Amino acid sequence: MENNSLPSLAAPIGVFDSGVGGLSVLRHIHAQLPNEHLLYFADSGFAPYGDKPEHVVAERSLAIAAFLVARGAKALVVACNTATVAAIRLIREHYPDMPIVGVEPGLKPAAAASRNGKVGVLATECTLGGAKFLQLREQVGLASEVEFLLQGCTGLADQIELGELDSAATTAMLKRYIAPLLDQGADTLVLGCTHYPFVTATINSIVRGETAREVVLIDTGDAVARQLARLLAASGRTNPAGQEPARIEGFTSASAAALSVAFSSLLGIDAPVSEVELAGKSLVQANLDI
C-alpha cells in the first residue's frame, strides 16, 4: 500500500484501457476538465481483456496504474469495464489517498430512461459475469423493477480496436447482438464497454432498421468525467484556469503509430505517443516516441 504526498495541481490524470476504447471516456474528461493534463495508456498489446482470467487482468491493471503513478499522475481513471470489475478495489487499496474512478455499465441511468422496463446490456462476457456487475444488476433491478437483458459481445471490441467502425463485418456482428434484444422489447441499450460508443452511428442505423420504436443509448463516459471532477474538487486537486495549455500524452503496449492514428481519427487530437513494454511486473518506456 502506497501513500504519496499531495501532488502538484498541474500533475496529470492517468487514464487507461485495454485499447482505444477508453478514448471515449478521455474525450468527456477533456471536455469537462479542459485545464487538466492527461496521460492515456492503451494496453493494445495485451488486448482483449474480456477473454482473460480476472486475476490476470487485475495484475496487468496494477502494473499500468503503477506506470501512470510513476509518471506523476495525481488521479486515475480505469476507463475499461472489464478492468474495473477485476481491479478497481485492488488499485484503491494500493493508492488509498488518490482519486480513482472506474467505469461500470450504466444500469441506473438506463433504468431511469426506459419507458417499458426492458433494458438491453451490451458488454464483454467478463463484465457480464463479474460479481460487481451481477450485484449492481440485482440492486437496480429490485429498486426499479426493470428487466435487464444481457448480451455478451464477443469480438466487438476487437473490431473497433482495428478501426472497423462501420465495416460489413462489424455491422453484421452488431446486428447479431442487437436484434435479439430489440425482439425482446428493449427500448434502452447500455453501451457496457468503453469501445462501443465509437460505433454509435452503426448501432443507431441497425436499430432504425429493426424497430419503429425509439431506443435510447446509454454511454457512461459523461458520468465518469463528472465523478472525476467532483473527486478532484473535494480533494483540492483541480488544476486552475490560466495555467499552461493542457497536454495529452499517449502510451501503448502495441503500435505507437496505431494509437496516434486513433487519437487523430477518433478524437481529432494530435498527441505524442510512446510505446512501452512490460518488464516483469512493471512497465518501462521504450525509445520509440513519435
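In what follows, every heavy atom counts, from backbone to side chain, and hydrogens, waters and symmetry copies are set aside. The structure presented is a predicted model; accordingly, all values stated were derived computationally and were not measured.
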Between CG of Leu232 and OG1 of Thr238, what distance do you get to the nearest 0.5 Å? 5.0 Å
So does Ala79 get a backbone contact from the side chain of Thr194, meaning a donor-acceptor N/O pair under 3.5 Å? yes
Is the backbone of Thr154 close enough, under 3.5 Å, to the side chain of Tyr177 for a donor and an acceptor to pair up by distance? yes
Out of Thr82, Asp43, Asn81, which residue meets the side-chain hydrogen bond (donor to acceptor under 3.5 Å, both in side chains) rule with Tyr49? Asp43
Does Gln32 reach the main-chain N or O of Asp222 with its side chain, forming a donor-acceptor pair under 3.5 Å? yes
Heavy-atom closest contact (Ala83 atom, Val57 atom, distance): CA-CG1, 3.9 Å
Could you give the distance from SG (Cys193) to CZ (Phe198), rounded to the nearest 0.5 Å? 10.5 Å
Taking C-beta and beyond as the side chain, do Leu182 and Val207 meet within less than 4.5 Å on heavy atoms? yes
For the OG1 atom of Thr124 and the OH atom of Tyr196, what is their distance to the nearest 0.5 Å? 6.0 Å
Got a donor-acceptor contact below 3.5 angstrom from the Glu164 side chain to the Gln159 backbone? no
For the CG atom of Leu165 and the CD1 atom of Ile160, what is their distance to the nearest 0.5 Å? 7.0 Å
Do you know the tightest heavy-atom contact between Gly221 and Val25? CA-CG2, 4.4 Å
Pair Asp187 + Arg115, salt bridge at N-O below 4.0 Å: yes
Can you tell me how far apart CE (Met173) and OG1 (Thr202) are? Round to the nearest 0.5 Å. 12.5 Å
Could you check whether any side-chain N or O of Thr84 sits under 3.5 Å from a backbone N or O of Gly102, counting only pairs where one atom can act as donor and the other as acceptor? no
The single option from Ile29, Leu26, Leu38, Asp17 that satisfies side chain to side chain contact (heavy atoms under 4.5 Å, CB included) with Val77 is Ile29
So does Leu231 get a backbone contact from the side chain of Ser235, meaning a donor-acceptor N/O pair under 3.5 Å? yes
Is it true that, when you exclude Gln139 itself, more than 12 heavy atoms of the residues, nucleotides or ligands shown sit nearer than 6.0 Å to its CD? yes
Run through Phe46, Phe67, Phe16 and flag the one making a ring pair (Phe, Tyr, Trp, His ring centres under 6.0 Å) with Phe41. Phe67
Would you call Glu36-Lys74 a salt bridge at under 4.0 Å N-O? yes
Check against side-chain contact (heavy atoms from CB on, under 4.5 Å), Val101 and Ile88: CA-CA 8 Å; Val101 181; Ile88 192 72; over 6 Å; no
Please confirm whether the backbone N or O of Ala42 pairs with a side-chain atom of Thr252, one donor and one acceptor, at under 3.5 Å? yes
If only atom types and distance count, is the side chain of Thr200 paired as donor or acceptor with the main-chain N or O of Pro197 below 3.5 Å? yes
Heavy atoms only: give me the nearest Pro105-Thr220 pair and the separation to one decimal. C-CG2, 4.2 Å
Heavy-atom neighbours of Lys52 NZ exceed 12 at 6.0 Å: yes
Which atoms form the tightest heavy-atom contact between Leu33 and Ala229, and what is the distance? CD2-CB, 3.9 Å
Of all the heavy-atom pairs spanning Pro12 and Gly72, show the shortest one and how long it is. CD-O, 3.4 Å
Could you walk me through whether Ile91 and Leu62 pass the side-chain contact (heavy atoms from CB on, under 4.5 Å) check? CA-CA 6 Å; Ile91 294 172; Leu62 284 170; 3.8 Å; yes
What's the separation between atom OG in Ser264 and atom CG in Leu259, rounded to the nearest 0.5 Å? 11.0 Å
In short, Leu128 meets Phe133 closest at the heavy-atom pair O-CD2, 3.4 Å
